[in-house]
Amino acid sequence: VQLQASGGGLVQAGGSLRLSCAASGVTLNRYVMGWFRQAPGKEREFVASITWSGSITAYVGSVKGRFTISRDNAKNMVYLQLNNLKPEDTAVYYCGSTISPGGTRTSEYTNWGQGTLVTVSS
């Protein structure tokens, strides 16, 4: 599986971005997909995940109500809508795939995209 994340950029606090993750090499409908982020000097952390059907999603507490993960298996795409962005959301965002049903831990993911930088100014 090859994953390509895009959609990052510079935005003011309160603004929005939509991140996209395009997959190639395999169809995504077998995988739980997740978004993680890594801020400078910090470890990569879980942000959101979605099951293969899209029926179950999970979020880290700090983004609940602001971020929304979705997927389009027909297009082999996964998205992360980021609303009401805060400076503390600044990080490189990565998409990943896993066959693990949990999908909230970095160690569960076997494939990663290259990351896209989100910078939120105050």
Side-chain angles (χ1 to χ4, degrees):
V1 179
Q2 291 185 328
L3 303 174
Q4 179 83 24
S6 62
L10 173 63
V11 63
Q12 289 187 330
S16 298
L17 286 172
R18 188 193 196 203
L19 307 184
S20 298
C21 177
S24 60
V26 69
T27 54
L28 288 183
N29 58 8
R30 303 175 51 205
Y31 295 93
V32 170
M33 299 299 296
W35 285 96
F36 287 70
R37 65 187 179 186
Q38 188 166 15
K42 295 187 177 181
E43 293 187 352
R44 190 171 299 189
E45 66 168 352
F46 170 76
V47 175
S49 64
I50 186 167
T51 55
W52 69 270
S53 67
S55 61
I56 300 175
T57 57
Y59 298 91
V60 67
S62 60
V63 309
K64 281 183 180 178
R66 300 189 298 122
F67 292 7
T68 303
I69 189 171
S70 62
R71 66 191 296 164
D72 185 337
N73 288 336
K75 295 182 178 179
N76 255 12
M77 297 289 295
V78 181
Y79 306 99
L80 187 68
Q81 179 68 41
L82 290 64
N83 294 331
N84 191 22
L85 281 159
K86 303 176 180 181
E88 53 263 42
D89 295 318
T90 295
V92 177
Y93 284 70
Y94 298 88
C95 59
S97 65
T98 178
I99 60 173
S100 169
T104 61
R105 296 178 297 177
T106 308
S107 59
E108 295 177 287
Y109 285 75
T110 53
N111 293 288
W112 295 97
Q114 87 292 353
T116 186
L117 176 62
V118 173
T119 304
V120 186
S121 63
S122 57

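These numbers were taken from a predicted model, which means no experiment stands behind them.
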Q: Same cluster or not: are Trp112 and Val118 linked, directly or through other Ile, Leu, Val, Met, Phe, Trp or Tyr residues, by side-chain heavy atoms under 4.5 angstrom apart?
A: yes
Q: Considering all heavy atoms of both residues, which atom of Thr104 and which atom of Ser49 are nearest to each other, and what is their separation?
A: CG2-OG, 4.3 Å
Q: Taking Val92 as the starting point, is it possible to reach Ile69 by hopping between hydrophobic residues whose side chains are less than 4.5 Å apart?
A: yes
Q: Is there a path of hydrophobic side-chain contacts, each under 4.5 Å between heavy atoms, that joins Phe46 and Tyr79?
A: no
Q: Starting at CD1 of Ile99, measure out to OH of Tyr31 and round the result to the nearest 0.5 Å.
A: 7.0 Å
Q: Examine distances only and state if a side-chain atom of Asn73 and a backbone atom of Ser53 form a donor-acceptor pair shorter than 3.5 Å.
A: no
Q: Any link between Leu85 and Leu117 through a network of hydrophobic side chains (Ile, Leu, Val, Met, Phe, Trp, Tyr) touching at under 4.5 Å?
A: yes
Q: Are any non-hydrogen side-chain atoms of Val60 and Phe67 less than 4.5 angstrom apart?
A: no
Q: Hey, does the side chain of Glu108 reach the backbone of Gly103 with a donor-acceptor pair shorter than 3.5 angstrom?
A: yes
Q: Check whether more than 12 heavy atoms from other residues, nucleotides or ligands sit under 6.0 Å from atom CH2 of Trp52, and answer yes or no.
A: no
Q: Before we go on, tell me: are the rings of Tyr94 and Tyr109 under 6.0 Å apart, centre to centre?
A: no
Q: For Glu88, does the CD atom have more than 12 heavy-atom neighbours from other residues, nucleotides or ligands under 6.0 Å away?
A: yes
Q: Roughly how far apart are Thr119 OG1 and Asp89 CG, rounded to 0.5 Å?
A: 11.0 Å
Q: Is the backbone of Thr51 close enough, under 3.5 Å, to the side chain of Arg71 for a donor and an acceptor to pair up by distance?
A: yes
Q: Within the structure provided, determine whether Met33 and Leu3 are in side-chain contact (heavy-atom separation under 4.5 Å).
A: yes
Q: Could you list the donor-acceptor pairs under 3.5 angstrom formed by side chains in residues 4-21, with sequence neighbours left out?
A:
unit_1 : atom_1 : unit_2 : atom_2 : d
Ser16  : OG     : Asn83  : OD1    : 3.0

Q: Distance from Leu80 atom CG to Tyr59 atom OH, nearest 0.5 Å?
A: 7.5 Å
Q: Drop me the distance from Ser62's OG to Arg37's CZ, to the nearest 0.5 angstrom.
A: 4.5 Å
Q: Under 3.5 Å, side chain of Thr90 to main-chain N/O of Val120, donor-acceptor pair present?
A: yes
Q: Rounded to the nearest 0.5 Å, what's the gap from OG1 on Thr106 to CD on Glu43? Could you check?
A: 8.0 Å
